[in-house]
Amino acid sequence: MNFDDTPQEAEFRATARAWIGANAPKQYEDELRKSSLGRTQLKNADILQVAKAWQKKKADAGWACLHWPKEYGGRGSSPIERVIWQQEEGAFGKLSHMFIIGHGMCGPTVMAFAREEHKRTYLPPLASGEKVWCQLFSEPAGGSDVAGLRTRAEKDGDDWVINGQKIWTSGAHYSDFGILLTRTDPAVPKHKGLTMFFLDMKSPGVEVRPIRQASGASDFNEVYFTNVRIPDHQRLGEVNDGWNVSLTTLMNERMSIGAGVSTGFPELFDYCSSLMLEDGPAIENAAVRSRLANWAVKASGLKYTSMRAISALSKGERPGPENSIGKLVAGSMIQDVATYALDLQGASGVVSGPEDAEVAGRFQAMLLRAPGTRVEGGTDEIMRNIIAERVLGLPGDIRVDKDVPFNKIPTKGR
Amino acid sequence: MNFDFSDDQKQLRDQARKFLAEKCPPKAARVVLDGKAPYDKDLWKGLAEMGFLGVAIPEEFGGAGAGHLELCVIAEEMGRANAPVPFSSTVYLAAEALLIAGSDAQKKKWLPAIASGEAIGTLALFEGKGNPSPQNVKLTAASGVLNGVKKPVADGAIANFAVVAARTGSSGREGDVSLFLVDLKAGGVEVKSLTNLDPTRGQAEISFKDCKAEPLGAAGEGWSILTQVLDRAAVLCAFEQVGGADRALEMGRDYALDRIAFGRQIGSFQAVKHMLADMYVSATLARSNSYYGAWALSTNAGELPEAAAAARISATQAFQHCAKNNIQVHGGMGFTWEFDCHMYYRRANALALGLGSLSYWEDQLIDRMRKKNAA
Ligand SMILES: Cc1cc2nc3c(=O)[nH]c(=O)nc-3n(C[C@H](O)[C@H](O)[C@H](O)COP(=O)(O)OP(=O)(O)OC[C@H]3O[C@@H](n4cnc5c(N)ncnc54)[C@H](O)[C@@H]3O)c2cc1C
């Protein structure tokens with residue numbers, strides 16, 4: 001067991017640090033540092049443009065998507081080098097948030113299932129942030145029950161013709177490409193009739209309508225497909241084998257979301273370290289200390305759990321379903337942390353917004369964004385099912401629709 | 001960076017698990033639970049023969065000279081097996097105090113006796129209610145003799161010697177406390193067994209009346225030595241708790257697969273599945289925090305105080321959480337004397353208190369994090 005850098009790791013760290021020191025957009029560092037979940041915006045700049053510029057700069061110098069192979073725009077780094085990079089990148093890493101779906105889920109799926117020429121064409125601009133990708137899975141009829149989706153793909157010559165609707169598609173409004181899960185055979189049970197594609201979001205017949213979220217922001221969308229044509233060579237995996245393809249995406253989703261979900265703890269600890277309560281500094285108050293300690297060990301437990309996963313990965317083990325714990329724990333924790341930070345503010349906790357609220361309103365923003373964290377990428381309940389079934393080996397939920405042809409499944413309760 | 005035990009260490013863990021599965025089945029603990037023996041003497045001897053008692057004791061003092069990582073993996077298995085032996089008091093507390101502060105002669109006298117299983121040791125710190133603090137040490141040491149009462153003392157009734165915290169000054173600060181080594185079989189010592197939550201690990205009240213004692217470490221250094229001992233013990237004990245939590249989770253899982261109700265395995269009910277998933281989550285977080293503690297302990301890193309407190313809190317919570325919900329999964333069966341669930345529940349709650357309560361360690365953790373941030 002060893003936490004210190006090996007000589008090679010130390011050298012890698014030094015090189016990364018030097019490059020970041022010379023190239024990062026320092027003018028935004030302070031603002032990025034102070035932002036937190038729900039509030040990554042820049043006052044005087046378009047964050048998408050700043051993020052794309054930083055990503056491109058990284059890609060040109062070989063620092064984008066570190067763990068991807070070089071021929072697809074990565075660096076071929078080890079998992080540990082990736083962690084070192086993230087530690088060194090610090091607050092600038094927050095600029096990569098808008099690429100998480102592309103880099104964490106779409107990219108690995110394309111890498112596993114696309115033909116070689118497509119990988120070489122599409123992956124490098126995805127790695128460099130020039131092209132943004134989105135994940136078109138969820139539908140009004142199929143969220144947790146992904147395989148309940150209804151968007152149809154029908155073969156017509158060398159093309160597939162898509163009709164239907166997706167929902168909650170993050171970033172669709174600024175995405176260039178998307179991976180799309182469709183139904184190709186409604187006459188077989190639901191998991192057996194799905195097929196995966198990737199498509200150009202500017203294709204005729206694709207319409208993106210932003211949805212306003214509970215937080216007030218608009219990061220996700222409805223996407224409508226009307227006779228959209230996708231050439232067959234953009235299919236990912238076999239016809240009707242889309243469920244297996246999507247499992248690759250979902251497993252990567254858990255790894256990449258799970259490892260990075262913020263818990264809100266560092267922000268809360270910082271806040272309590274300087275906050276004065278009526279009877280003295282918050283950090284000296286016994287009740288505050290007890291709450292902080294409980295969250296501290298959850299946050300450190302998550303951190304070292306992901307270190308263990310990375311050590312396993314470095315030894316060639318595959319990331320498993322145990323990685324579901326990251327999002328499960330962090331999701332409800334950040335919600336509780338935000339609630340508590342506002343409680344400490346007393347009546348004034350109700351005031352939100354960067355101008356008027358305590359610490360630039362970061363905890364109010366966190367509170368309003370947190371419910372989404374517990375839903376996106378699989379709800380808390382689905383995460384618990386995964387742990388119970390795939391880690392602990394408990395029986396699967398009873399699935400009354402398992403062997404029923406999809407078009408015979410009732411669509412309404414009662 | 002490599003955040004895992006080595007293959008050799010994992011092999012040692014497997015070896016310990018196999019040994020304990022054979023020599024320490026649940027019915028072994030029951031003999032002690034039912035008051036038929038104060039601890040499992042055969043198991044204790046076996047542990048000595050396997051080299052487990054002295055695994056972290058240097059060879060020159062009769063140990064195996066391995067290290068603390070090796071001790072961590074054994075501790076985990078002791079917890080998993082719910083072993084009814086004075087392992088933590090002897091190995092984590094007494095031996096560590098000797099390793100940190102003992103003179104050559106003291107080490108030569110006691111460490112080989114610990115490694116060979118001849119001597120049981122303990123730490124006599126508490127004096128009734130309250131957590132570790134210099135102010136709570138009231139027992140006095142003057143002219144080489146101790147006067148006062150310690151309670152509870154883990155394994156006090158079976159121990160051969162104790163490391164005793166005593167007051168040697170009156171400034172009201174840390175420098176008032178010094179440590180002493182006392183041969184409990186000598187005169188001036190009176191021991192009374194106490195009824196306790198977990199009878200498989202005895203607790204005692206020890207009265208000292210003009211009892212002869214030799215200093216352990218320099219006068220006035222007692223509190224700083226104790227802090228180090230408690231931090232190390234916190235990490236080791238965390239592994240014991242992680243082992244216990246894992247076992248409780250495993251028992252719950254197995255029962256959920258076995259028991260049928262409403263025509264289904266109860267493990268197919270989502271409320272039960274989710275309860276078990278949450279047990280897995282807390283056990284996993286505790287394991288990860290404990291690994292960090294193990295690394296800090298084995299390298300004596302500056303991070304040890306913070307890592308030890310985090311491991312302690314996380315593992316205490318996990319074992320309590322898993323032990324109580326294991327009973328819940330078992331339903332009425334879980335609440336019977338006959339099923340083993342209550343033995344883990346008892347142990348979880350006893351271990352939660354032995355090195356100072358959860359709230360004490362919470363307080364420590366925040367203090368230590370503040371110090372680190374300020375530095
Ligand atoms: C901020 C945000 C961003 C998102 N981005 C994307 C995206 O980019 N691409 C994309 O495809 N999707 C995206 N989603 C969709 C997300 O994956 C789904 O919302 C999520 O999987 C839940 O599905 P649902 O909304 O249909 O809820 P439902 O499935 O209807 O769930 C409703 C409730 O029922 C519970 N429930 C459902 N099934 C079970 C079960 N088997 N056992 C126990 N409880 C159950 C759920 O836990 C939940 O509490 C996003 C969602 C959010 C909030």
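Sequence lines set the chain letters: A, B, ... in the order given, protein chains first and strands last, and positions in each chain run from 1.
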inquiry  = For B/Pro305, give me all partners under side-chain contact (heavy atoms from CB on, under 4.5 Å), at least two apart in sequence or on another chain.
reply    = B/Asp231, B/Arg368

Chain A contact via B/Met279 - side chain, backbone, both or neither, heavy atoms under 4.5 Å = neither

task = Could you look at B/Ser6 and say if it's the side chain, the backbone, both or neither that has a heavy atom under 4.5 Å from chain A?
result = neither

key: Contacting region of B/Thr284 [heavy-atom separation from chain A under 4.5 Å]   = both

note = Greatest number of non-hydrogen atom pairs under 4.5 angstrom with chain B, of A/Leu302, A/Asn294, A/Val329, falls to A/Asn294

Atom group of B/Arg370 that falls short of 4.5 Å from chain A, counting heavy atoms = both

inquiry  = For the interface with chain B, which of A/Asp5, A/Ile398, A/Thr6 has the highest count of heavy-atom pairs at distances below 4.5 Å?
reply    = A/Ile398

request  = Using non-hydrogen atoms and a 4.5 Å limit, figure out which bit of A/Val288 sits close to chain B: side chain, backbone, both or neither.
outcome  = neither

request  = Below 4.5 Å from any heavy atom of chain B, which atoms of A/Ser300 appear? Answer side chain, backbone, both or neither.
outcome  = both

task = Measure B/Leu358 against the heavy atoms of chain A and call it side chain, backbone, both or neither at under 4.5 Å.
result = neither

key: Under 4.5 Å from a heavy atom of chain B, the part of A/Asp380 involved   = neither

query = Is it the backbone or the side chain of B/Gln317 that comes under 4.5 Å from a heavy atom of chain A, or both, or neither?
reply = side chain

message = By the ring-ring contact (aromatic ring centres under 6.0 Å, His included) test, which pairs, at least two apart or in different chains, include something from residues 240-272 of chain B?
response = B/Tyr255-B/His330

